[in-house]
Amino acid sequence: MLTAAIVVPLLGAVVVAVAGRRWSEPVVRAVGVATTLVPLALVVAAWVAFDPGSDEAFQLVTDVEWIPTLGVGYRVGVDGIGLAVAAVTAVVFTAAVAHPTEMRGLAHQYVAWFLFLESVSLGLFLSLDLVLFYVFFDLSLVGMYFLISRWGHDDAERAALKFFLYTLLGSLSLLLGIIALGVSMDPITFDMRAIIAAQPLADSSQAVAVLVLVMVGLGIKTPMVPFHTWLPAAHVEAPATASAVLAGVLLKMGTFGMVRIPFLMLRDTFADASLVIGVLAVVSILYGALVALGQDDLKRRIAYTSVNHMGYVVLGLAAAGSVVTGHEAARALALTGATVQMVAHGLITSTLFLLTGSIWDRTHDYDMDHYGGLLGQVPLLSGAMILASFASLGLPGLAGFVGEFQVFVGTFAVHPVLAAVGLLGILLTAALFLQLVQRMFLGEMPDRWSSLSDLTPVEMATLGVLLVLTVAVGVAPRLLVDTVHAAASLFVGG
Amino acid sequence: MQMSMQVSHVGPQLAVLVGAVVTLLVAMFTGRDRQWVNGPLALVALVVAAVLQVDLAGGPAVLAFDGLWALDRMTAVGSVTVVIATGLVVALVPGWLATDARHGEYYPMLLLGALGAMVMVAAVDLNELIVGVVLSSVTGYVLAAWHRQSAWSVEAGMKYFLVGGLANIVLLVGAVLAFAAGGTTDHAVLAVTLVDADPWLLVPMAVTLVVGLAFKAGAVPVHSWVPDVSQGAPAPSAAFLTVVPKVGGLLALARLATVVPIDASGWRPVVAVVAVATMSVGTLAALGQDDVRRLLGWSSVSQAGYALVALAVVGRSERAVPALVLFLAGYAVANVAAFGVVTALRGRTALADWSGLARSRPGLAVAMVVALLSLVGIPPLAGFASKFAVFAAAIDGGMTWLAVVAVVNTVVSLAYSLRVVAPMFLDDPVGPVHVLDRWSVVAVVIATAAVLVVGLAADLVLSGATGPVLPELP
Amino acid sequence: MTGLATDLAFWTFAVAAAWFGWRVFRTDSMVRATFCLLASFLNVGAIMVLLLAEYLGVAMFFMMGVEMVVMAIFMVAFMMNPAGLNPMQMVHQPRAAVAVGIGAATGLAVVAAVADLPPAALLDEAGTIRALGNELMGSSMLLMEVVGVTLVATMVGAVVLSSASGRYGRADTGSVPPLLDPDDPDSRPDLASADGQDDAHAGHGGHGGHGGHG
Amino acid sequence: MTIVTVLLAAAVLLGLGTWGVLSQQSFVMIMMGFELAINGIMLAAAGVWRFTSGGAPRGQVLVIVAMLVMAVEAAIGFALVVAVYRARQQDTTEGIAELSR
Amino acid sequence: MSLWLLPVSLLLVGPVLWMAGHRAAPGRRRLVLGAGGATALAVATVGAVAATLASSTATYPVGAGLVLQVAAGPIAGPVAVLVAAIATVVAMYAARHEGQHVDGDEDGAGLARLVGLLVAFAGAMLLVVLADDLLSLTVGWELVGALSWALIGHDWRDADAPGAAAHAYNATRFGGLGLVLAAGAAFAATGSLGYDALGGVDGVALHVMVAGVLLAAVSKSALVPFSPWLFSAMAGPTSVSALLHSSTMVAAGAYALIRLQPVLDTAPWFGPVAIGIGLVTALAGGVVGLLQGHAKKLLAASTSAQYGLMVVAVGAGAPQVAVLHLVAHAVFKAQLFLSAGVAITAVGSHDLARMRLRGVLPWTARLTLVATLALAAVPPLGAAFTKEQVLAAGTHAAAWVGLLVAVAGGLSAAYATRFQLLAFGGARPDRPSPRPLVRRPARVELAALAVLAAGSVTLGLLWVPAVHESVVTALGATLPEARPWELPASLGLVATGGYVVWSLDRRGRLGHVPAAASQQAVADWFALPRLVRVAVVAPTLRLATALATVDDRFVDAGVEAAAGLGERLSRLASGAGELTIDGMVRGVARAGTVLADTSVRVGERGVEQTVDGVAWLAGRAGQDVRRTQTGLVHQQYVVIAVGMVVVLATAILGR
């Protein structure tokens with residue numbers, strides 16, 4: 001089932017890339033959307049089949065040898081955390097593929113790359129083998145490179161190059177850490193479950209170096225300050241749909257990796273470093289929010305909020321891994337919060353980026369100073385943006401609040417000062433989003449936008465799905481939270 | 001370990017030799033319009049060689065021919081790699097040399113060059129090794145300079161020769177030093193006698209042996225021929241010369257690493273510094289290239305550096321030699337694929353000429369991207385599996401810092417690879433693109449498929465190459 | 001020969017070998033240089049005889065004699081300064097060369113002087129040729145086979161590169177890379193500066209007629 | 001005549017050869033440098049064989065191998081010189097510098 | 001009936017009403033909205049009464065062991081009734097009153113949004129009131145804040161309203177963070193967020209929790225130093241202010257303190273701090289009220305002051321008194337705002353100096369007088385009783401506290417008088433009432449005023465011992481015993497305050513908008529807003545802009561510099577032939593040229609050049625590299641020699 005979720009979009013990508021050349025654009029897109037629905041359905045099925053009450057953290061496992069000499073296998077499976085992130089991945093990809101954008105006459109390639117990325121992303125979140133994880137981690141760069149460079153605007157090629165180089169540096173750093181973990185096992189293996197059980201570097205002097213390598217690699221992807229500078233460039237030049245996927249899904253690879261590798265496999269070392277990581281997370285939170293506040297470019301502003309929001313996730317992780325035993329309830333809550341925040345950020349930020357895409361398609365302008373008062377002209381678009389903004393700034397009843405609250409409440413038990421300082425980030429986020437809304441949608445509208453058209457039905461559908469889910473997670477978080485919390489409790493309890 | 005002297009132990013090499021003789025005779029005694037027959041003939045010889053080699057691999061590791069010849073897993077997989085790479089190159093030749101009056105003689109040269117590399121891989125005696133090096137070198141000079149009327153080609157051949165002459169002298173010095181220190185040239189005996197030797201001999205010996213063989217590997221400081229040959233030599237020759245001698249030289253070094261007292265001779269720092277210099281110089285120099293073939297040449301230099309990373313931990317990690325073999329196999333198919341694309345595009349080399357290739361020749365463009373990304377090490381291609389294995393060996397062997405340097409270089413290598421990829425996919429075509437012939441395209445397809453296969457079925461190579469490396473210490 | 005005589009002979013030959021070796025690069029004429037080299041080889045050959053490697057010494061005499069004569073003929077036939085009629089010095093980077101040369105010699109000399117080389121003299125002083133024969137026809141047979149192959153390869157290669165004519169007329173006809181555009185005889189990357197002159201980068205600005213440079 | 005003196009002589013020859021290789025412009029002269037260096041190597045090998053290896057047969061073979069290297073490279077070198085001269089009318093290293101960067 | 005229906009149904013009805021009003025025919029829109037909103041809220045009021053009588057509770061698990069809980073307890077129930085009831089009246093009023101002044105949008109979609117949001121707002125406030133755990137409290141709290149943003153920024157086309165709304169939201173959200181902090185502390189200490197478990201919190205966690213709740217309350221109730229946001233909130237429509245100030249939003253702060261007082265009081269410093277903040281706010285608010293010339297801002301200052309009094313009561317350990325005052329205040333303050341709204345629309349201005357409407361709006365003036373007297377705490381109105389109880393409670397804490405409460409009472413009497421005289425006083429010869437009026441109040445609006453006035457009067461029953469005793473018993477407490485000097489002193493101060501203002505007016509010295517800059521500053525909350533702007537907002541924004549620049553220029557510059565280094569190294573690597581001695585000389589010469597060349601280029605293209613990256617570098621490098629290259633074999637020989645030496649050295653050193 002999980003393998004099918006990975007393979008189907010990949011096959012779809014191949015089919016669309018090869019056969020799609022002769023199809024019309026709507027047909028290609030329809031095929032693409034239909035293909036993305038398959039993994040979505042499969043993930044939902046996996047969710048149903050998943051037993052949160054079980055003592056087995058990882059379920060629905062497939063384990064096939066790949067390079068047995070090096071202990072590498074094709075191992076996939078889910079826990080509550082992977083399931084949650086995989087689910088949001090499937091949703092975001094469906095929306096991103098469906099969301100209209102200019103495809104420059106290369107619809108088949110465009111859709112194929114998206115399907116490829118979906119396969120890769122799902123593969124990453126479902127993999128239970130470090131090398132497999134890395135394979136998908138790296139491939140995501142390839143797909144995103146082509147999406148940005150081919151369908152981006154302005155200086156897209158350069159931004160794509162920077163993105164690729166920078167994040168490849170990160171992923172290779174991660175690779176070294178992964179290898180160090182694998183070779184420390186006897187016999188060598190990259191089976192996550194085995195490594196988690198063995199904690200091979202618990203008493204090793206290498207552990208710190210490995211942690212640094214892994215955290216740098218994942219930190220670049222996340223991105224954590226000061227490894228974030230690839231992000232705004234990539235986002236601004238990227239097509240909005242790619243930005244949605246980049247922010248909504250790809251960034252999660254960093255934090256998801258932090259759960260899987262440093263948090264679970266380097267428990268003791270992670271606990272020792274928890275305070276440092278937490279401080280970096282808080283720096284990310286505040287710095288990301290402040291820099292976002294300083295942006296006049298709509299997309300850059302949203303891009304920087306990702307730095308801020310992913311900071312909450314990292315803070316939650318730092319808290320969850322701060323000690324090996326003790327404070328179980330709070331740490332489980334923090335880990336749950338971090339995961340829920342990943343889901344929420346995936347939904348909300350992709351909505352925001354899709355909206356920027358809708359705006360770009362209409363105006364080709366990201367400068368917020370050029371806007372104002374759009375609420376009257378394009379009420380649906382404005383409304384969607386305002387709703388997403390409030391979700392992003394953590395309004396209760398919307399998805400963003402759930403994770404943030406859990407993160408901070410959970411963190412307080414172990415790092416109270418960090419939690420308190422980090423809270424200021426919430427305030428800054430509120431300020432920056434309110435300012436965004438105010439500058440773009442309220443006040444006087446410049447005359448040149450008087451012919452702006454509101455959202456099309458397709459846009460309403462894609463955004464609608466994401467926003468409905470945002471509200472659903474906010475209002476009835478239990479389904480999500482309990483699944484995640486089951487895994488989180490097992491992980492912190494150990 | 002058994003001693004024996006069965007002709008079957010050199011069966012693959014004999015097959016190649018017979019192929020060389022037959023193709024030479026054909027070249028001498030058939031008309032110009034029928035010299036293409038040599039292509040299929042050479043392929044037959046190589047296939048026979050590969051089959052025989054695989055057949056031999058099943059047996060136990062033996063030292064044959066009075067300790068001149070090692071039959072172990074490394075020999076087997078290394079030789080098969082050489083044979084396969086040569087076979088792919090053979091397919092590139094007919095179209096490329098169609099106009100050449102001496103078309104036919106190219107094949108025996110190619111086969112003898114491959115034979116030289118196979119000798120290097122299997123030699124367990126310094127004399128034998130040097131003869132292999134000379135055979136490989138001498139054919140290499142000729143292959144590089146094959147276009148007698150092309151200024152670039154003869155220049156490449158001459159430069160290859162001038163560097164090679166000096167490098168072989170260095171290698172000879174190393175051999176004499178080893179002989180002085182160990183009293184023989186036989187690896188199996190040296191492995192015992194060198195243990196007590198004077199470091200005053202061991203250190204210069206390690207340095208000269210490594211530098212001497214670095215020439216075959218295209219490593220610093222004797223690397224300058226690689227870009228020249230890549231750019232100037234006939235493209236099939238370039239494909240061959242950047243791959244096959246490298247396999248021979250590096251595997252010969254790996255074998256020496258089991259003989260030389262690693263710590264007393266300073267072998268490890270020597271290899272490490274050469275590795276670092278090689279990958280860095282190759283990568284950085286490639287960064288500025290506007291000539292695709294030259295870029296591939298520099299990239300080939302840097303790849304030698306990554307291979308040397310694995311070499312640096314031979315003896316410390318039992319994964320080193322399999323990793324090295326896998327790396328060379330992955331590198332071989334990827335590099336042949338890249339040069340195959342160049343060949344199929346009739347030697348197209350100015351970067352500007354590659355614009356828009358994804359539209360005009362999508363298949364070849366994809367092959368080039370696959371090859372380049374594999375050289376960078378993007379999964380699931382061969383380059384990933386092999387770099388992964390190399391890094392694993394390096395970390396396992398406690399030389400993580402080398403892996404870190406390799407990582408940094410890998411990132412930069414992505415930059416120059418994308419310099420080729422980006423115009424192919426993002427720019428508009430600049431004019432008609434002509435393709436050489438069908439065989440070169442077939443070779444590209446097979447090589448590209450092999451890049452994927454080696455990536456996905458890396459275990460085949462790894463487990464195939466796992467085993468004792470002769471001569472084992474008693 | 002007594003030890004003293006041997007020593008005297010050795011020193012004579014050694015100094016002569018070095019002297020002639022030095023002269024190789026200090027004469028104005030290549031032919032003279034060739035004969036200096038030959039003299040150096042002959043002296044070394046003589047030392048080898050002193051070292052009881054009679055076979056090697058004699059082989060050296062004959063092989064080098066022939067080779068150097070060939071070389072001399074070659075000079076006369078091909079080189080721009082046949083027979084050294086016009087005195088000339090063609091050197092570059094002289095200081096670096098001297099430094100490297102002295103460095104190499106000194107380095108190896110130091111190794112020779114300092115390294116611990118436990119003496120293990122010849123066991124059978126009279127049977128060195130027999131021992132060599134046994135070795136070549138015995139355990140090093142495979143080696144000699146490869147040597148033979150190498151010589152064949154060398155011959156073929158040398159003929160391919162140097163012989164201007166073959167069975168079907170000029171043998172270097174068409175030995176050029178393919179054209180990028182089969183219809184455009186100028187479309188060869190290596191033609192961009194094909195004259196092979198020093199100012200390779202200067203001229204041919206208007207070249208590159210193939211469709212590449214759009 | 002001891003191992004040290006023989007090796008000293010060999011080192012001098014090798015040094016002279018290296019000096020020639022680096023300082024000469026003409027291909028042929030460079031090749032002479034190669035040969036002189038190998039000359040030294042052969043002398044050294046013979047000396048080691050004579051004095052410290054107990055007359056190991058493979059020492060003599062090593063000298064023969066060195067001789068092979070010399071001969072083979074000389075032969076192929078001349079062929080290349082001819083080829084370069086035909087194609088470019090050049091016989092010095094300064095004359096072949098098109099492939100660069 | 002689940003207690004959840006109370007807040008949730010209103011939160012849902014709000015948007016529905018918005019849609020319905022939006023769709024309704026223009027002529028019927030006010031009716032639909034007024035009737036719909038008032039009905040929904042009235043039903044909620046009845047429901048709240050029923051729930052209170054039944055002491056309903058409800059829970060809603062949200063996963064991870066966290067549960068939302070609501071309970072209509074002895075304090076929560078009555079306050080919930082109050083919230084719903086006041087909102088009913090305000091909604092009725094709003095549907096008739098608002099939406100007049102937006103040009104071309106008479107009655108338009110804006111009104112539907114306003115009424116819909118008002119209803120939802122009341123729902124959110126009910127959640128705050130009924131909350132029985134910190135998470136529910138936080139949820140309601142933040143919803144109230146967000147909806148207040150939408151309500152205050154109702155006139156979104158206006159240049160100022162959105163900014164004012166953002167100010168209000170940011171200020172209260174800052175405090176709201178305290179609740180998250182408190183929740184964290186509570187969870188860390190007890191593993192639960194329920195109010196019933198909070199008693200178990202101790203140690204550092206207790207201090208953090210109390211501080212968090214106090215911070216939240218202070219910000220929400222616009223106490224010093226957060227008072228200025230309430231002025232910004234005046235950008236919203238009058239009915240919004242009426243609801244905001246009386247029973248919702250601002251009340252939430254004081255209510256949270258009241259509700260959690262038993263827990264908060266376990267921190268020894270809580271009482272004094274609360275009293276201190278309350279007193280400062282009450283006194284400062286009084287002064288501000290005396291000087292303000294803006295009708296609604298005067299009332300806003302009074303709101304802060306009144307909540308200050310309630311906080312004093314909580315700090316003095318008498319939350320039941322604070323509840324009573326909260327109720328009384330809610331009733332009269334709602335009415336005062338509604339009256340002010342009538343006055344403002346009547347003259348088309350906020351300026352108190354342009355009103356004096358008794359002559360033209362006699363009924364409004366009469367009804368307003370009731371509320372004004374309540375504000376001034378004149379017996380026998382209920383507000384006077386509750387204020388006296390605050391005084392009594394304060395005196396219990398310390399005599400000077402009681403005294404200052406009495407002074408604050410005097411101030412409130414003064415500004416109440418001032419408001420009444422300026423807004424609804426009789427016409428004076430020097431300041432004629434404006435004619436013609438822009439708009440007269442509709443009957444519904446007057447009815448709303450009347451209902452609230454009746455409420456104030458009814459609360460006068462509290463003076464009856466039987467009544468207030470039973471009420472207080474219902475609240476589960478007793479009243480603090482009053483000292484004999486209190487009532488006379490307090491009433492005396494009230495009378496003084498009223499008289500002073502009245503006499504000033506007699507002498508024609510009232511009604512001037514303060515001219516002196518210092519007075520103006522005091523009227524504007526002692527320049528606190530400017531202080532916040534200068535000390536907090538501006539630096540934050542400047543920091544943000546600066547960081548954004550830094551981020552672009554320098555953090556990234558490291559990456560770009562690495563790229564540049566790569567370029568140089570690339571030239572060096574492929575130009576290794578330059579390492580000859582001769583070559584080095586040339587290299588040095590060339591380096592000079594390159595430097596000169598570069599500086600020229602930098603001059604030409606400036607920043608663009610320096611910030612350039614990997615992709616660009618590759619493009620340039622080709623040209624430069626070609627120039628630096630030789631491709632000469634003999635130079636390569638030197639490289640080999642040098643390489644050998646390096647390798648040898650490494651071998652020797654690294655062995």
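Please read all numbers here as calculations on a predicted model, not as lab measurements. So you know, we letter chains A, B, ... as the sequences are listed, proteins then strands, and number each from 1.
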> Using 0.5 Å steps for rounding, measure from the CE atom of D:Met1 to the CG atom of C:Leu51.
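Going from CE on D:Met1 over to CG on C:Leu51, the span is 4.5 Å.
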> Where is the tightest heavy-atom contact between C:Ser162 and D:Arg86, given as atom of each residue plus distance?
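For C:Ser162 versus D:Arg86, the nearest heavy atoms are O-NH2, 2.7 Å.
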> Can you find a heavy atom in the side chain of C:Cys36 that is under 4.5 Å from one in the side chain of D:Met32?
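With C-beta onward as the side chain, the pair stays apart.
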> Hey, which of D:Leu8, D:Val48, D:Val72 has the most heavy atom pairs under 4.5 Å with chain C?
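The residue among D:Leu8, D:Val48, D:Val72 with the greatest pair count is D:Val72.
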> Any side-chain heavy atom of C:Ile102 within less than 4.5 Å of one from D:Trp19?
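No, side chains not in contact.
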> Is any side-chain heavy atom of C:Leu143 closer than 4.5 Å to one of D:Val61?
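Contact flag for D:Val61/C:Leu143 side chains = yes.
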> Need one label for C:Met155: side chain, backbone, both or neither, based on atoms under 4.5 Å from any heavy atom in chain D.
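It is neither, since no heavy atom gets under 4.5 Å.
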> Taking every heavy-atom pair that is under 4.5 Å apart, which of C:Ala104, C:Gly157, C:Ser40, C:Ala131 has the most such pairs with chain D?
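Ranked by heavy-atom pairs under 4.5 Å with chain D, first place is C:Ser40.
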> Side chain from CB out, backbone as N, CA, C, O: work out which of these in C:Leu136 comes under 4.5 Å of a heavy atom of chain D, or both, or neither.
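The side chain, not the backbone.
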> Counting only non-hydrogen atoms closer than 4.5 Å, does D:Ala44 touch chain C with its backbone (N, CA, C, O), its side chain (CB onward), both, or neither?
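Neither; nothing under 4.5 Å.
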> Determine the option with the most heavy-atom pairs under 4.5 angstrom with chain D, choosing from C:Gly21, C:Ala97, C:Ser140.
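So the answer, after comparing C:Gly21, C:Ala97, C:Ser140, is C:Ala97.
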> If you count heavy-atom pairs within less than 4.5 Å of chain C, which of D:Ala56, D:Gly15, D:Ala74 leads?
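Heavy-atom pair counts peak at D:Gly15.
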> The test is side chain to side chain contact (heavy atoms under 4.5 Å, CB included); show your working for C:Leu117 and D:Phe51 and say whether it passes.
CA-CA 9 Å; C:Leu117 284 165; D:Phe51 292 113; over 6 Å; no
> Under a 4.5 Å heavy-atom cut-off, does chain D meet the side chain of C:Leu8, its backbone, both or neither?
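Interface part for C:Leu8: neither.
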> Please determine whether side chain to side chain contact (heavy atoms under 4.5 Å, CB included) holds for the pair C:Glu135 and D:Gln60, giving the CA-CA distance in whole Å, both sets of side-chain angles, and the decisive distance to 0.1 Å.
CA-CA 9 Å; C:Glu135 175 69 22; D:Gln60 292 202 64; over 6 Å; no
> What part of C:Thr34 gets within 4.5 angstrom of chain D, counting heavy atoms only: side chain, backbone, both, or neither?
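The answer is both parts of C:Thr34.
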> Measuring from D:Leu43:CG to C:Asn43:CG, what's the distance to the nearest 0.5 Å?
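That separation rounds to 10.5 Å.
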> How long is the gap from CG on C:Leu56 to CZ on D:Arg50, to the nearest 0.5 Å?
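Reported value, rounded in 0.5 Å steps: 13.5 Å.
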> If you count heavy atoms of other groups shown closer than 6.0 angstrom to OH of C:Tyr55, is the number above 12?
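It does not: C:Tyr55 OH has 12 such atoms or fewer within range.
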> Give, as side chain, backbone, both or neither, the part of C:Leu132 having an atom under 4.5 angstrom from any heavy atom of chain D.
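The answer is both parts of C:Leu132.
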> In the structure I gave you, are the side-chain heavy atoms of D:Glu35 and C:Phe41 within less than 4.5 Å of one another anywhere?
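Yes; the side chains approach each other to less than 4.5 Å.
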> What part of D:Ala9 gets within 4.5 angstrom of chain C, counting heavy atoms only: side chain, backbone, both, or neither?
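Looking at D:Ala9, just its side chain touches chain C.
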> My understanding is that only one of D:Ile41, D:Leu7, D:Leu14, D:Val12 makes a side chain to side chain contact (heavy atoms under 4.5 Å, CB included) with C:Leu108; could you say which?
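The passing option is D:Leu14.
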> Is a donor on one side and an acceptor on the other found under 3.5 Å between the side chain of C:Gln93 and the backbone of D:Leu22?
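Between the backbone of D:Leu22 and the side chain of C:Gln93 there is a qualifying donor-acceptor contact (under 3.5 Å).
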> Under a 4.5 Å cutoff for heavy-atom pairs, which residue among D:Ser23, D:Ala46, D:Gly33, D:Ala11 has the most contacts with chain C?
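Most pairs with chain C among the choices: D:Ser23.
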> Less than 4.5 Å apart, side chain to side chain, heavy atoms only: is that true for D:Asn39 and C:Met60?
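In short, these two side chains touch, coming nearer than 4.5 Å.
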> Among D:Thr18, D:Leu80, D:Val63, who wins on heavy-atom pairs under 4.5 Å with chain C?
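Of D:Thr18, D:Leu80, D:Val63, D:Val63 has the most heavy-atom pairs under 4.5 Å with chain C.
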> Tell me which of these, C:Ala112, C:Ala121, C:Ala153, C:Ala113, has more heavy-atom pairs under 4.5 Å with chain D than the rest.
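Greatest number of close heavy-atom pairs with chain D: C:Ala121.
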> Which bit of C:Pro119 is near chain D, if near means a heavy-atom gap under 4.5 Å: side chain, backbone, both or neither?
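For C:Pro119, the contact with chain D is made by backbone and side chain together.
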> List the steps, then state whether side chain to side chain contact (heavy atoms under 4.5 Å, CB included) holds for D:Gln24 with C:His92.
CA-CA 6 Å; D:Gln24 296 296 311; C:His92 47 214; 5.7 Å; no
> Among C:Pro118, C:Ala14, C:Ala115, which residue has the highest count of heavy-atom pairs closer than 4.5 Å to chain D?
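If we count pairs closer than 4.5 Å to chain D, C:Pro118 comes out on top.
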> Which bit of D:Leu16 comes within less than 4.5 Å of chain C, counting heavy atoms only: side chain, backbone, both or neither?
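Both the backbone and the side chain of D:Leu16 come within 4.5 Å of chain C.
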> Quick one: does D:Trp49's side chain get under 4.5 Å of C:Met48's, heavy atoms only?
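D:Trp49 does not reach C:Met48 side chain to side chain.
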> So which of D:Gly55, D:Gly47, D:Pro57 has the biggest tally of heavy-atom pairs under 4.5 Å with chain C?
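That would be D:Pro57.
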> Out of D:Thr93, D:Val84, D:Val65, D:Leu36, which one racks up the most heavy-atom pairs below 4.5 Å with chain C?
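That would be D:Leu36.
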